[in-house]
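Here the structure is a predicted model, which means the values were calculated and not measured. Atoms considered below: every heavy atom in the structure, side chains included; atoms not considered: hydrogens, waters and symmetry mates. Lettering of chains follows the sequences in order, A, B, ..., and the numbering in each one begins at 1.
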Number of protein chains: 2
Amino acid sequence: MVLQRIILGMLAIAPMSGYDLKRHFDSTVNYFWSADKAQVYRTLAALVTEGLVEVRKVPGTAGPDRQEHHLTAAGRARLHDWLVSDLDRQPERNAFLARVFFAGELDSEELTALLERQREAARTTLATLKAVRKSTPEPTDRAERLRLATLDNGLRHARAELAWLDALEKELA
Amino acid sequence: MVLQRIILGMLAIAPMSGYDLKRHFDSTVNYFWSADKAQVYRTLAALVTEGLVEVRKVPGTAGPDRQEHHLTAAGRARLHDWLVSDLDRQPERNAFLARVFFAGELDSEELTALLERQREAARTTLATLKAVRKSTPEPTDRAERLRLATLDNGLRHARAELAWLDALEKELA
DNA sequence: CACCACTAGTAGACAAGTCACCTAGATGCA
DNA sequence: TGCATCTAGGTGACTTGTCTACTAGTGGTG
């Protein structure tokens with residue numbers, strides 16, 4: 001599945017421990033993928049038994065020993081296969097839109113509150129992404145430009161969401 | 001979880017069989033939620049044991065008997081609770097952005113092909129949503145306006161995706 | 001009349017993801 | 001010295017979601 005490929009991708013950028021990976025899932029790639037700790041470690045184990053990843057024990061700098069995971073040639077090939085394969089069409093899942101779809105059950109104040117909470121969420125996303133982009137150094141190669149581009153994608157969708165909320169509230173007024 | 005609430009919401013609009021629900025998941029609400037047949041039937045069963053939904057056997061018009069599921073008062077209350085509760089913050093999951101993030105592994109042609117496939121997908125979504133909106137009659141009350149608004153949300157995001165692709169391709173050129 | 005498509009519902013196995021809990025080393029601080 | 005916190009790596013139980021296959025009634029077509 002996708003999580004496996006993402007882990008291969010992260011290890012292609014740099015060797016990492018499960019702990020490192022988890023931190024990346026909670027920060028850098030968080031706006032397009034997240035993963036539970038347990039799942040990360042189990043997926044890593046599966047990748048090792050598949051021979052796509054190799055482990056090297058290294059002494060911990062501040063704490064216990066780390067199990068540094070390195071991508072093997074087979075792992076890099078598998079990553080490439082995924083990148084050029086047909087798009088994984090994942091089912092659209094938007095719980096907020098589901099609420100709006102059934103929001104006829106709500107009175108005006110409740111509806112306004114619902115939309116307002118979504119506006120807040122979108123504003124927060126927008127602010128977070130803007131902050132991340134500002135703190136990111138100018139990209140020097142294509143790989144970095146592409147990673148930055150995923151941020152811009154998030155920004156555009158956040159703005160689209162806010163614009164939609166504006167239009168909807170105007171329409172309902 | 002969310003699927004339960006969505007089913008409650010659909011039954012609030014009209015009583016339905018599991019089969020009807022599945023068809024709705026494959027058509028009307030498909031652009032923001034989907035569900036497996038097995039999951040629909042099992043969730044319905046759980047809702048019945050919870051007393052949120054009642055079953056009435058009705059003779060099938062064209063085929064076997066149907067089990068028409070009706071929302072109970074408790075079910076409607078549960079639906080309302082969900083609609084006014086804090087937003088279910090679901091983890092962002094975008095497999096395509098994940099690919100772009102790691103697309104430094106690709107050569108120029110492969111990258112172009114990846115972006116082109118996404119453009120195709122976005123264009124298809126846009127066309128589908130436009131078609132649905134055209135075939136939908138003008139909303140007469142607020143509930144209908146809200147259901148239509150979820151379509152507009154999809155349209156805006158599809159357009160945002162296309163605009164982002166344009167900008168990215170220009171930047172990479 | 002055999003077959004197919006559509007309607008309607010069910011069961012089992014499995015994959016993916018979440019939650020709670022656990023061990024253990026290193027560091028800092030009260 | 002005790003305790004909290006961060007680093008590091010797990011395990012087990014559970015929920016959610018997917019895939020495959022099955023029964024069975026109805027209606028149409030070759």
>> By the side chain to side chain donor-acceptor pair (under 3.5 Å) test, which pairs, at least two apart or in different chains, include something from residues 126-137 of chain B?
In response: B:R133-B:D152

>> Please determine whether any donor N or O and acceptor N or O are separated by less than 3.5 Å between the side chain of B:R66 and the base of D:dT26.
In response: no

>> Which residues in residues 2-41 of chain B have a heavy atom closer than 4.0 Å to any atom of DNA chain D?
In response: B:D36, B:A38, B:Q39

> Can you name the side chain to side chain contact (heavy atoms under 4.5 Å, CB included) partners of B:T125, sequence neighbours left out?
Replying inline: B:L129

> By a strict heavy-atom criterion of less than 4.0 Å, which residues belonging to residues 84-92 of chain A are in contact with DNA chain C?
Replying inline: none

>> For residues 38-65 of chain A, which residue pairs pass the salt bridge (Lys or Arg N to Asp or Glu O under 4.0 Å) check, not counting sequence neighbours?
In response: A:E50-A:R78

> Could you state the CZ-C1' distance from B:R42 to D:dT20, rounded to the nearest angstrom?
Replying inline: 12 Å

>> If the condition is side chain to side chain contact (heavy atoms under 4.5 Å, CB included), which residues does B:R156 pass it with, not counting sequence neighbours?
In response: A:A163, A:W164, A:A167

> Linking Ile, Leu, Val, Met, Phe, Trp and Tyr through side-chain heavy atoms less than 4.5 Å apart, which residues share a cluster with B:Y19?
Replying inline: B:Y41

>> Once side chain to side chain contact (heavy atoms under 4.5 Å, CB included) is applied, do any residues pair with A:A77, and if so which ones, sequence neighbours excluded?
In response: none

> Sequence neighbours excluded, which residues qualify as side chain to side chain contact (heavy atoms under 4.5 Å, CB included) partners of A:E116?
Replying inline: A:R119, A:R123, A:E169

> With sequence neighbours left out, which residue pairs that include part of residues 92-112 of chain B fulfil the salt bridge (Lys or Arg N to Asp or Glu O under 4.0 Å) condition?
Replying inline: A:R76-B:E105, A:D88-B:R99

> With distance as the sole criterion, is a donor-acceptor pair present between the side chains of A:H70 and A:E68 under 3.5 Å?
Replying inline: yes

Less than 3.5 Å apart, which donor and acceptor atoms pair up between the side chains of residues 3-11 of chain B and the rest of the protein, not counting sequence neighbours?
residue: B:R5; atom: NE; partner: B:M1; partner atom: O; Å: 3.3

> Taking 5' to 3' order, which nucleotide of DNA chain C is first and which is last to have an atom within less than 4.0 Å of a heavy atom in chain B?
Replying inline: C:dT7 to C:dT18

